[in-house]
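Note that ligands are numbered from 1 as they come in the structure, with each ligand's atoms numbered from 1 the same way. Bear in mind that the values here come from a model prediction, so they are computed numbers and not experimental data.
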Amino acid sequence: MEKMTLEEKVGQMHQIAGNDAVSGPLNPSSNDGEDLRRGLVGSMLNVVGADKTYKYQKIVVEESRLGIPLIFGHDVIHGCKTIFPIPLAESCSWDLDIIKRSARISAIEASAMGLHWTFAPMVDIARDPRWGRIAEGGGEDTYLGSLIAAARVKGFQGDDLNSLDTVAACAKHFAAYGAAEAGRDYNQVDISENNLRNIYLPPFKSALDAGVASFMNAFNTLNGIPATINELLVKSILKDEWKFDGIIVSDYNSIGELIQHGVAADKKECAELAANALCDMDMSGYCYRDHLVELVKEGIVSEVIVDSAVEKILTLKYKLGLFDDPYRYCKPNRESEIILSHTNRQVARECARKSIVLLKNEGTLPLTKSSAIRKIALIGPLANNKFDMLGSWYCAGDENDVVSFYDGLKNRFGSDYEINYCKGCEIDSEVKEDFSEAIGLAEKSDLIFAFVGEAGLMSGEASCRTNILLPGNQLELLKALKQTGKKLIVALSNGRPLEINWIEENADAILETWFLGIEAGNALAEVISGDFNPSAKLTVSFPRNVGQIPIYYNHLNTGRPLYESPNEHYRSRYLDSSVEPLYPFGYGLSYTKFEFSNFSLSKNKIAEIEELVASVDIKNIGEISGEEIVQLYIHDKVATLSRPVRELKAFKKISLQAGETKKVKFSLSDEDFKYYDKNNKWNIEPGIIEIFVGANSQDLLMKEIEITK
Ligand code: BGC
C-alpha cells in the first residue's frame, strides 16, 4: 500500500462490469480498457471463463504500474456450469449437507472458470411471493434460513480461501431487501428495528459466524435511508456489534442510485456518502472512480477510510493466492477437466430429487407397472423444455446440458410405457391453437402428466408479479385436459409459490419441482418411479390468493384471533377467503405415512441455562421406507413483546423403514428461547412456552414448559 498512489488505491475500490452476463446498466461513457492499464480497477464482475478472465488479468498484471491482480466476482447462485435447483428449491430439502455440497461444487467450477468471488449466498428472508427474488433465497423462516446461509458459506469457501477450489462468498443483500413493499423489486422497506433483528438479520449473522468474506449492500431504503449508507445497518450492527472486518461491496450501482433515492444531489455526493458509510467497493457505479480522489483531497472523506477499504481488498486477494499467481484460477485445462463432470451432475441430480415437494397424491404416484396404464401423455409448455429448467441466475449454465422432463421420463419409462408429448400452449400466451391436439393426445392416453408453471426468468431480479396464477392460458389447458376424465398429474415449475387452488382440487397428484437445474428430468423420473421417495417440505407458505400476501407461518396472534375470539364477527379474518394458506410452511408429502406419538419433555419447569430435551416417536405406518423431516416449534405465550404463534427452533430429517419406529430427541438450551426484546436486547424471559413437534407448521403435538428465573 505504501507504493500506491491515492488514484491507485481508489482504483482498488472500483469494480467494473464485463458483458458475459448483464445484471445492471452498463456505463457507456466509461473508459474501462484504459483504466485497467493504468491500475485503476480493482475488480470485475460478469466475466466468466478461464480464457476471458485471463485476458483481463494479463492486462492488469503486465501493463499496470504495480500489477495488482484483479478479483473476479460473479453471481454463482445455484451452480456455475453444472446448474443446481434454484436456492428456494434446494431449501425445501432441509438437507444442509446437500446444500453445502452444491455450493462446494459451484465453487469448484467457478474457481476453474476464472472466478474468485461469488455474490452468494442471498440470505434475504422473503415472505412475499410476488417478489421475484424469493426464488434466490432459503424461504420465509429465519432459523432455517440461518442454517442454510452458514452451509452455503462453508460450501463456497471450504476450509481455506487459499485452496485453488474455493471462492470468497458474499452475504447479500444487507439488509431487509426481501421486505420490499408490495413485493415490488427495489421498493422501500419500512420495518421496526425489532422486526429487523428478530426476522431479517439472523441469517446474515450466521453467514458472518461461518466466516463469510464479504457483505453486499441492498438496493432498498430501510426506514427512509438507503441500505448502502444506512448507519444502523453498517456502522452500528455490522461493524460495531458484529465486528465484521471483511469487504462490503455496494450492489450494482446502488451508490449512484442514491440520487434517485433522493438523498444525494450528484455522483460526487453519492461517493461521499457511501465512502463515509464504509462501503469498500463501488459495483459499477463509477462514483468512487470519478470523485473519491477529489473528495479525499478536499478533506471530505478521510484517507483512513480509503486505506482501510484497500487493505481489506488486498488482503482478500492475498488470501486467494492472487499475489502468488494471478493466473492460478484461469487455466483452460483445469476448467475443461472440472466443469460438468460426472460427479458434479450426480450431485446436481441428488439435490434436484431432494428438492421436489409432493403436494398432493391420491394414490396415483409412484407409477407402478400396471396393466391399466399403457400410454402416458406428457403435455404442457414445460414438459419438453430445457432453457426454463435453469431458472434465473443460471451463471454459465447452458440449456443444451439440461435433461428435460420429457427426456428424463422417456429414458426411465420408455420401455415400459408408450410416452407421447404435446406442448399444448406456450407459457405465457393467449393462443389456444394447440389445445385440440393436446386434448386429442390426452383422450388416447391412460394418464396425463401436465407440466405447467412459469418461465425461468419470471422470477429473479426485477421479475415481480401482481398475480401469481399460472401465466397465459395454462389453467384453461388443464381444465380442458381434466374434461377428458383421465387421471391428471401436475408437475409445477416456478420460482415462487403460485395460486393453485383449482389444481389442488382437481389434480390426482401435484409435484412442486421449482426449477431443478440441468438434472431436472432425471430427478423427476426418480421420484415418479418411486426409486426415490419424496421427502422435501415447503420453506414458504402457499397462499390461496394474492390478497392474503404477505402470509407466513410465524405471524403474531392478533387480539382477535380467528379460532379464539368469542365474537363471530369481530375476528381477524377475510369475508371472502380463508386466512389459512393453501399449504403451510413445512408441508410436504411422502409415498409413505408417518405417525407421531409419545411426545414428552424431560421437565415441565426449567430455570434459565438448563437444558431441555424434547422427544417424540415417529413410526412409518406405510408400506415403503421413507424420510420424514421432524420439526420443532415454540410459542412464547406471555412475553413483553407479542411473539409469533410458532417459531421453528429445531428439525431432524430421519429415515424409516416400513413399520419402523424411531425416537427423535431435540436438546434445547436457553438460547432457543431468547429473542430481541423491546429494548432490542437478546434476552430470555420467564413464563410459559408452548413446544410443538410435528410434520409441518400446522399438524403438531403440543406440551408446555415453564421457564423460571
Ligand atoms: C443484484 C445482485 C447481484 C449484482 C451483480 C444486482 O443487480 O441485486 O444480487 O449480485 O447485481 O450481478
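Heavy-atom contacts from other residues, nucleotides or ligands closer than 6.0 Å to NZ of Lys319 number 12 or fewer.
Side chain of Glu454 to backbone of Gly495: a donor-acceptor contact under 3.5 angstrom is found.
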Mind listing the side-chain donor-acceptor pairs of residues 108-119 below 3.5 Å, one per line with the distance, residues two or more places apart or on another chain?
residue : atom : partner : partner atom : Å
Glu109  : OE1  : Lys81   : N            : 2.8
Glu109  : OE1  : Thr82   : N            : 2.7
Glu109  : OE2  : Thr82   : OG1          : 2.5
Glu109  : OE2  : Leu340  : N            : 2.9
Glu109  : OE2  : Asn344  : ND2          : 2.8
Ser111  : OG   : Ala107  : O            : 3.1
Ser111  : OG   : Ile108  : O            : 2.9
Ser111  : OG   : Leu164  : O            : 3.1
Ser111  : OG   : Arg334  : NH2          : 3.0
His116  : ND1  : Phe72   : N            : 2.9
Trp117  : NE1  : Ser214  : OG           : 2.9
Thr118  : OG1  : Val76   : N            : 3.2
Thr118  : OG1  : Val76   : O            : 3.0

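A distance limit of 4.0 angstrom between heavy atoms and ligand 1 selects the residues Ser23, Leu45, Asp75, Phe119, Arg133, Lys172, His173, Met216, Phe219, Asp251, Tyr252, Met283, Trp393, Glu461.
Trp393 and Glu461 get closest at one heavy-atom pair: CZ2-OE1, 3.4 Å.
In terms of the side chain to side chain donor-acceptor pair (under 3.5 Å) criterion, Asn31 has no residue partners (sequence neighbours excluded).
Under the salt bridge (charged side-chain N to carboxylate O under 4.0 Å, His left out) criterion, no residue pair touches residues 246-257, with sequence neighbours excluded.
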